[in-house]
Trainee: 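Below you'll find the structure I mean.
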There are 2 protein chains.
Amino acid sequence: MCTVKDQIDIKYVEDTLYVLHGKWRLSIIISLYNGNRRYREIARSIPKITFTMLSKELKFMELNNLVKRSEDPDFPKMVEYELTDYSESLYPIIEKMLEWGKSHRKEIT
Amino acid sequence: MCTVKDQIDIKYVEDTLYVLHGKWRLSIIISLYNGNRRYREIARSIPKITFTMLSKELKFMELNNLVKRSEDPDFPKMVEYELTDYSESLYPIIEKMLEWGKSHRKEIT
DNA sequence: CCGGATCCAACGAGATACTG
DNA sequence: CAGTATCTCGTTGGATCCGG
């Protein structure tokens, strides 16, 4: 017993990973953090994402309570998304990832 | 400008994601955090991982400076792995993920 | 403007068999 | 004991076309 840190229970970390899983989900959350709300706005803020993927992800995220969707049915139709308390609570994780990424920035492919 | 948080630059977060990517990498890092060192020991500590995947991941992680490998060529051969400073520095992220997972524990399929 | 439906390509991951 | 080499397969992601 010479470690000072507690044992880490992988299953809780896996739960977190489940929510963050996929190529685009974190990008979308960050886009919303950064103040984007409208569908097109979000799409434009994330380089290379396609409408198809954005739709799929937003759908999943709505079902899993990560975003809240509201719609103004006038024409042209306007849809806005916002983070929920649930996804807001992911902020500390993203913050740590940002810090780590900044510290270790180097060419990656 | 009514947000208190800074804008998050997705590219740094993506760098971090690159290092943590894959089904098993984080489990392996956590296993090493938890004090496992030998190949078999690591394998036994991660439910359902196969030798194939463990080998592939450890190989990748060695090449990317996430683990250090040392070998005792006597018979039976013994190989030990340990985390590097580089991967140790991921601890704050994992810690936040653990906290989040604990707070939001619920059935996930 | 905001998507859904469909189909296809690419990649990650597992099974199996073999080696120093 | 500690791996490697293939091969197959399921899942993810992307392109394209269509609808409210």
Side-chain angles (χ1 to χ4, degrees), chain A residues 10 13-32 36-64 66-83 108-109, chain B residues 10 13-14 16-32 35-64 66-83 108-109:
Chain A
I10 182 65
V13 178
E14 280 175 346
D15 286 359
T16 307
L17 250 20
Y18 173 78
V19 168
L20 299 180
H21 178 253
K23 188 172 179 181
W24 301 109
R25 202 154 309 155
L26 217 26
S27 296
I28 295 170
I29 293 175
I30 291 175
S31 177
L32 290 166
N36 301 298
R37 303 172 66 86
R38 298 191 53 185
Y39 186 76
R40 295 268 158 176
E41 219 173 27
I42 299 167
R44 267 187 287 104
S45 74
I46 304 176
K48 296 191 183 173
I49 197 169
T50 60
F51 290 136
T52 309
M53 290 313 297
L54 182 55
S55 292
K56 280 185 190 170
E57 286 302 314
L58 285 170
K59 189 80 176 179
F60 172 94
M61 292 167 76
E62 195 190 353
L63 292 173
N64 285 270
L66 290 164
V67 298
K68 189 164 157 300
R69 179 181 187 279
S70 54
E71 175 172 348
D72 175 353
D74 294 345
F75 193 83
K77 189 172 168 184
M78 187 174 84
V79 182
E80 291 195 337
Y81 294 89
E82 55 187 315
L83 295 173
I108 293 177
T109 314
Chain B
I10 182 64
V13 178
E14 281 175 345
T16 307
L17 249 22
Y18 172 78
V19 167
L20 298 180
H21 178 254
K23 188 171 177 182
W24 301 109
R25 203 156 307 155
L26 219 26
S27 296
I28 294 170
I29 293 175
I30 291 174
S31 177
L32 290 165
N36 301 297
R37 303 173 66 86
R38 299 188 52 183
Y39 185 78
R40 295 267 158 178
E41 219 173 29
I42 298 167
R44 267 187 287 103
S45 74
I46 304 175
K48 296 191 184 173
I49 198 171
T50 59
F51 289 137
T52 309
M53 290 312 298
L54 183 55
S55 291
K56 281 185 191 169
E57 287 302 314
L58 285 170
K59 190 81 176 180
F60 172 93
M61 293 166 76
E62 195 190 354
L63 292 173
N64 284 271
L66 290 165
V67 297
K68 189 163 155 302
R69 181 181 184 280
S70 54
E71 173 173 347
D72 175 353
D74 293 346
F75 193 85
K77 190 172 170 183
M78 186 173 86
V79 180
E80 290 195 337
Y81 292 89
E82 56 187 314
L83 295 173
I108 294 177
T109 315

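Letters A, B, ... mirror the listed sequences (proteins, then strands); counts begin at 1. Side chains included, hydrogens not; waters and symmetry mates left out as well; all remaining heavy atoms used.
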Trainee: Measure the acute angle between the ring planes of Phe51(B) and Tyr39(B), then classify it against the limits of 30° and 60° as parallel, tilted or perpendicular.
Mentor: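 The arrangement is parallel - the two ring planes meet at less than 30°.
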Trainee: Which whole-number value in Å describes the distance from Phe51(B) CZ to dT6(D) P?
Mentor: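 Phe51(B) atom CZ is separated from dT6(D) atom P by 21 Å.
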Trainee: Taking C-beta and beyond as the side chain, do Arg38(A) and Met78(A) meet within less than 4.5 Å on heavy atoms?
Mentor: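 Yes; the side chains approach each other to less than 4.5 Å.
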Trainee: Within 45 degrees of the ring normal and closer than 6.0 Å to the centroid, is that where the cationic atom of Arg25(B) sits relative to Phe60(B)?
Mentor: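 Judged by the rule (NZ or CZ under 6.0 Å from the ring centre, within 45° of its axis), Arg25(B) counts as positioned above Phe60(B).
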Trainee: Does a side-chain N or O of Lys59(A) approach OP1 or OP2 of dG3(C) to a distance below 4.0 Å, or not?
Mentor: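 False: Lys59(A) side-chain N/O out of range (4.0 Å or more) of dG3(C) OP1/OP2.
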Trainee: Taking atom C1' of dG3(C) as reference, at what distance in whole Å does atom CZ of Arg40(A) sit?
Mentor: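 For the pair Arg40(A) CZ and dG3(C) C1', the rounded distance is 9 Å.
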Trainee: How many Å lie between CG on Leu17(B) and P on dG12(C), as a whole number?
Mentor: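 Distance check: Leu17(B) CG to dG12(C) P gives 14 Å.
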Trainee: Scan nucleotides 13-17 of chain C against the protein and return all N/O pairs shorter than 3.5 Å with their distances rounded to 0.1 Å.
Mentor:
unit_1	atom_1	unit_2	atom_2	d
dA13(C)	OP1	Lys23(B)	N	2.8
dG14(C)	OP1	Lys23(B)	NZ	3.1
dG14(C)	OP2	Trp24(B)	NE1	3.1
dT16(C)	O4	Thr52(B)	OG1	3.1

Trainee: Rounded to whole angstroms, how far apart are CG on Leu54(A) and P on dA15(D)?
Mentor: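 Atom-to-atom, Leu54(A) to dA15(D), this comes out as 14 Å.
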Trainee: Could you tell me how far apart Glu62(B) (CD) and dT4(D) (C1') are, to the nearest whole angstrom?
Mentor: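 Rounded to the whole Å, the gap is 14 Å.
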Trainee: From CD of Glu80(B) over to C1' of dG3(D), roughly how many Å is that when rounded to an integer?
Mentor: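 Computing the Glu80(B):CD to dG3(D):C1' distance gives 16 Å.
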Trainee: Are Leu66(A) and Leu83(A) packed together at the side-chain level, in the sense that at least one heavy-atom pair is separated by less than 4.5 angstrom?
Mentor: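 A side-chain contact under 4.5 Å is absent here.
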Trainee: Let's go through Glu71(B) and Lys77(B) carefully: what are the C-alpha distance in whole Å and the side-chain angles of both, what is the deciding distance for salt bridge (Lys or Arg N to Asp or Glu O under 4.0 Å) to 0.1 Å, and is it a yes or a no?
Mentor: CA-CA 8 Å; Glu71(B) 173 173 347; Lys77(B) 190 172 170 183; 3.7 Å; yes
Trainee: At under 4.0 Å, does any side-chain N or O of Arg69(A) touch on OP1 or OP2 of dG3(C)?
Mentor: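 The answer is yes; a side-chain N or O of Arg69(A) sits under 4.0 Å from OP1 or OP2.
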Trainee: Would you tell me if any nitrogen or oxygen in the side chain of Lys77(A) comes within less than 4.0 Å of OP1 or OP2 on dG3(C)?
Mentor: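 Answer no for this pair, as no side-chain N or O of Lys77(A) is under 4.0 Å from OP1 or OP2.
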Trainee: Ignoring backbone atoms, establish whether Arg38(B) has a side-chain N or O less than 4.0 Å from OP1 or OP2 of dC1(D).
Mentor: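 Answer no for this pair, as no side-chain N or O of Arg38(B) is under 4.0 Å from OP1 or OP2.
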Trainee: Once you round it to whole Å, what is the distance between P of dG4(C) and CG of Leu63(A)?
Mentor: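 Atom-to-atom, Leu63(A) to dG4(C), this comes out as 10 Å.
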Trainee: Could you tell me the separation between the CG atom of Leu58(B) and the P atom of dC1(D), rounded to a whole number of Å?
Mentor: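 Atom-to-atom, Leu58(B) to dC1(D), this comes out as 16 Å.
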Trainee: Donor-acceptor pair, Glu41(A) side chain versus Arg37(A) backbone, under 3.5 Å?
Mentor: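 Yes; at least one donor-acceptor contact below 3.5 Å.
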Trainee: Return no unless some side-chain N or O of Tyr39(B) is found under 4.0 Å from OP1 or OP2 of dT4(D).
Mentor: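 So the side chain of Tyr39(B) is outside the cut-off, no N or O lying under 4.0 Å from OP1 or OP2 of dT4(D).
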Trainee: Using a 4.0 Å heavy-atom cut-off, does Ser55(A) contact any base of the nucleic acid, only the sugar-phosphate backbone, or nothing at all?
Mentor: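 Counting heavy atoms under 4.0 Å across all strands, the contact made by Ser55(A) is with sugar-phosphate only.
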Trainee: Is there a donor-acceptor pair under 3.5 Å between the side chain of Asp72(A) and the backbone N or O of Asp74(A)?
Mentor: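 Here the side-chain-to-backbone pair exists.
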